[in-house]
> 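So that we are looking at the same thing, I have put the structure below in structure tokens.
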There are 4 protein chains.
Amino acid sequence: MEFKDNEPIYLQIAAYVSEQILLGKWTADDKVPSVRELAVALQVNPNTVMRTYEQLQNQEVIYNKRGIGFFVAPDAVKKVKALKKERFLQQDLPEFFRNLFLLDINLDEIQQRYEAYIAQNLESETR
Amino acid sequence: MEFKDNEPIYLQIAAYVSEQILLGKWTADDKVPSVRELAVALQVNPNTVMRTYEQLQNQEVIYNKRGIGFFVAPDAVKKVKALKKERFLQQDLPEFFRNLFLLDINLDEIQQRYEAYIAQNLESETR
Amino acid sequence: MEFKDNEPIYLQIAAYVSEQILLGKWTADDKVPSVRELAVALQVNPNTVMRTYEQLQNQEVIYNKRGIGFFVAPDAVKKVKALKKERFLQQDLPEFFRNLFLLDINLDEIQQRYEAYIAQNLESETR
Amino acid sequence: MEFKDNEPIYLQIAAYVSEQILLGKWTADDKVPSVRELAVALQVNPNTVMRTYEQLQNQEVIYNKRGIGFFVAPDAVKKVKALKKERFLQQDLPEFFRNLFLLDINLDEIQQRYEAYIAQNLESETR
DNA sequence: GTGGTCTAGACCACC
DNA sequence: GTGGTCTAGACCACA
């Protein structure tokens with residue numbers, strides 16, 4: 001996994017974990033990878049992963065069994081979806097519209113690109 | 001002008017200047033406000049504006065006449081549009097599509113929201 | 001290290017860093033001194049060193065690992081050499097030739113002076 | 001005339017004037033262009049040309065007849081040559097040699113480039 | 001007047 | 001610990 005450098009790494013990892021949950025790969029009461037495990041896999045400092053898990057724990061997306069590890073919360077999908085949707089509608093969408101306007105891009109063009117995107121990503125997504 | 005605190009001020013100012021150019025309010029070979037002038041207007045430190053102008057100069061959006069000031073580059077609109085479009089296509093759009101997919105949002109819904117957005121913002125934009 | 005006062009300090013530091021790389025003293029993926037560290041060593045303000053590193057990062061001579069520090073880019077030597085050579089051929093050399101012409105100096109004389117220069121500097125350079 | 005942006009314009013103009021004298025185009029006790037005249041020709045602020053002339057007057061390359069203008073000093077060629085040569089030997093040459101060394105360029109290559117330069121510039125120079 | 005550089009010092013997020 | 005941003009204020013060369 002490679003990280004964008006305009007966004008904190010721990011947040012990018014949080015997004016990654018959230019997506020795994022959203023995609024149903026990690027489901028309710030599954031154990032998520034240990035801090036050390038994930039840190040090694042992603043080649044980051046364990047502190048960074050720890051921060052991710054703290055964040056997700058605060059959002060009640062995962063919970064902690066002391067000495068054992070972190071686990072996916074029962075209503076994790078709902079939580080993640082709510083959080084994601086709010087940010088999308090409040091922040092991403094207005095900026096997206098502003099860009100459409102300033103760059104004079106038509107929604108039809110977006111539609112076409114979206115279809116191409118879907119075609120390209122659907123199978124790999126569900127792999 | 002008020003600044004978000006999750007993005008560097010000097011970049012927000014750069015975006016502001018770029019938009020002025022994109023909207024045609026500052027045009028080719030116009031003098032942009034002097035560093036001090038803009039700093040006072042925006043209530044920031046001159047160094048911060050200086051940094052903005054350095055950035056825009058590197059992007060060849062503005063150029064410098066020594067001892068006189070900064071001026072809008074002849075092809076500034078093209079430059080700004082190219083930079084903005086690239087970031088939009090490379091970064092914003094894929095993430096946007098990913099969100100649509102993950103949140104199971106239909107493009108039709110986006111369309112409706114866009115029309116509402118346009119209706120709300122068109123007049124204020126061209127003021 | 002002492003600085004000339006007709007050239008910005010941050011550029012002189014950049015030249016210094018570039019030379020270290022060119023001379024092979026700092027090599028690919030080495031960590032360069034931290035901003036604060038180098039600032040103390042050179043007795044300048046950290047901001048000044050920061051500016052140097054920004055510059056070198058833009059030139060892709062060094063890269064950043066967030067929270068860890070700056071590192072010499074894998075192809076830093078190539079980059080530095082290319083940048084230096086371009087400036088040399090485009091700017092320095094034509095002016096040099098013009099001076100030879102205007103001052104009526106022969107290349108033979110230059111050759112002799114060069115040999116003297118080499119003799120004087122070779123050992124100290126490779127120290 | 002176009003100016004490099006790493007050197008003060010007034011010094012570039014001074015260099016230009018000096019070269020005219022060195023090339024014998026303006027000779028002893030000739031009147032040099034008036035400040036205003038030269039400023040218009042070079043598209044710079046008259047103050048800038050004034051500064052050039054002050055500089056050259058300090059170096060005793062030109063002298064002033066009040067109310068009439070500036071004139072080439074009788075020994076201007078000697079003066080210019082001495083000044084130019086000193087800077088060349090003290091500053092330009094050592095830096096030149098350092099570049100040869102760091103970029104691993106052979107004097108033979110310089111020789112070849114010099115011949116090409118001469119061939120290309122001799123006629124246009126004496127036009 | 002203009003930009004440009006530098007210092008001192010603070011505060012912050014991130015790793 | 002690391003970089004990154006920002007302020008306040010100074011000083012300078014240049015046009």
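On a predicted model such as this, the values are computed, not experimentally measured, just so you know. Keep in mind that the numbers below use all heavy atoms, side chains included, and drop hydrogens, waters and symmetry copies. Letters A, B, ... are given to chains in the order of the sequence lines, protein chains preceding strands, and every chain is numbered from 1.
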> The side chain of B:N45 lies closest to which of these nucleotides: F:dA8, E:dT7, F:dC6?
F:dA8

> How many whole angstroms separate atom CG of B:D5 from atom C1' of E:dC12?
11 Å

> Hey, which sits more toward the 5' end of DNA chain E by its nearest nucleotide, B:K65 or A:V44?
B:K65

> Taking the nucleotide of DNA chain F with the nearest heavy atom to each, does B:G67 or B:I9 sit closer to the 5' end?
B:I9

> Whole angstrom is fine here: how far is it from CZ in B:R51 over to P in E:dG3?
18 Å

> Within this structure, what is the CZ-to-C1' distance between C:F3 and E:dT5, rounded to whole angstrom?
13 Å

> Any N or O donor-acceptor pair linking the side chain of B:R36 to the base of E:dG1 at under 3.5 Å?
no

> Scan side-chain atoms only and decide if C:D29 and C:Y63 contain a donor-acceptor pair under the 3.5 Å cut-off.
yes

> Does B:T48 use its side chain to pair, donor to acceptor, with the backbone of B:V44 at less than 3.5 Å?
no

> Mind telling me whether B:Y16 and B:W26 have parallel, tilted or perpendicular rings, with 30° and 60° as the class edges?
perpendicular

> How close or far is atom P of F:dA13 from atom CD of D:E54, stated in whole angstroms?
15 Å

> To the nearest Å, give me how far apart CD (C:E7) and C1' (E:dC6) are.
15 Å

> On DNA chain F, nearest-nucleotide positions of B:Q43 versus C:K31: which is more 5'?
C:K31

> Is there a donor N/O on one and an acceptor N/O on the other, under 3.5 Å, for the side chain of C:N47 and the base of F:dG3?
no

> Any sub-3.5 Å donor-acceptor pair from C:Q12's side-chain atoms to C:K4's backbone N or O?
yes

> NA contact type, C:N64, heavy-atom cut-off 4.0 Å: base, sugar-phosphate, or nothing?
sugar-phosphate

> In whole angstrom, what separates C:I62's CD1 from F:dG3's P?
9 Å

> Just how far is it from atom CE of D:M50 to atom CZ of D:F70, taken to the nearest 0.5 Å?
4.0 Å

> Within the structure shown, what part of the strands sits under 4.0 Å from C:F70 by heavy-atom distance: base, sugar-phosphate, or nothing?
sugar-phosphate

> Give a yes or no answer on whether the side chain of C:D30 reaches the backbone of C:T27 with a donor-acceptor pair at less than 3.5 Å.
yes

> Rounded to the nearest 0.5 Å, what's the gap from OH on A:Y53 to CG on A:N64? Could you check?
11.0 Å

> Taking only side-chain nitrogens and oxygens of B:Y10, does any of them come within less than 4.0 Å of OP1 or OP2 of F:dT5?
yes

> What is the distance from CE of D:M50 to C1' of F:dC14, rounded to the nearest Å?
16 Å

> On DNA chain E, does the nearest nucleotide to A:T48 precede the nearest nucleotide to B:Q57 from the 5' side, or the other way round? Give the residue.
B:Q57

> Starting at NZ of B:K81, measure out to CG of B:D75 and round the result to the nearest 0.5 Å.
13.5 Å

> Rounded to the nearest Å, what distance is computed from the CG atom of residue C:L11 to the P atom of nucleotide E:dG4?
12 Å

> Dot-bracket for DNA chain E, 5' to 3', counting Watson-Crick or G-U wobble pairs under 3.5 Å, with [ ] for crossing pairs and | for inter-strand pairs?
||||||||||||||.

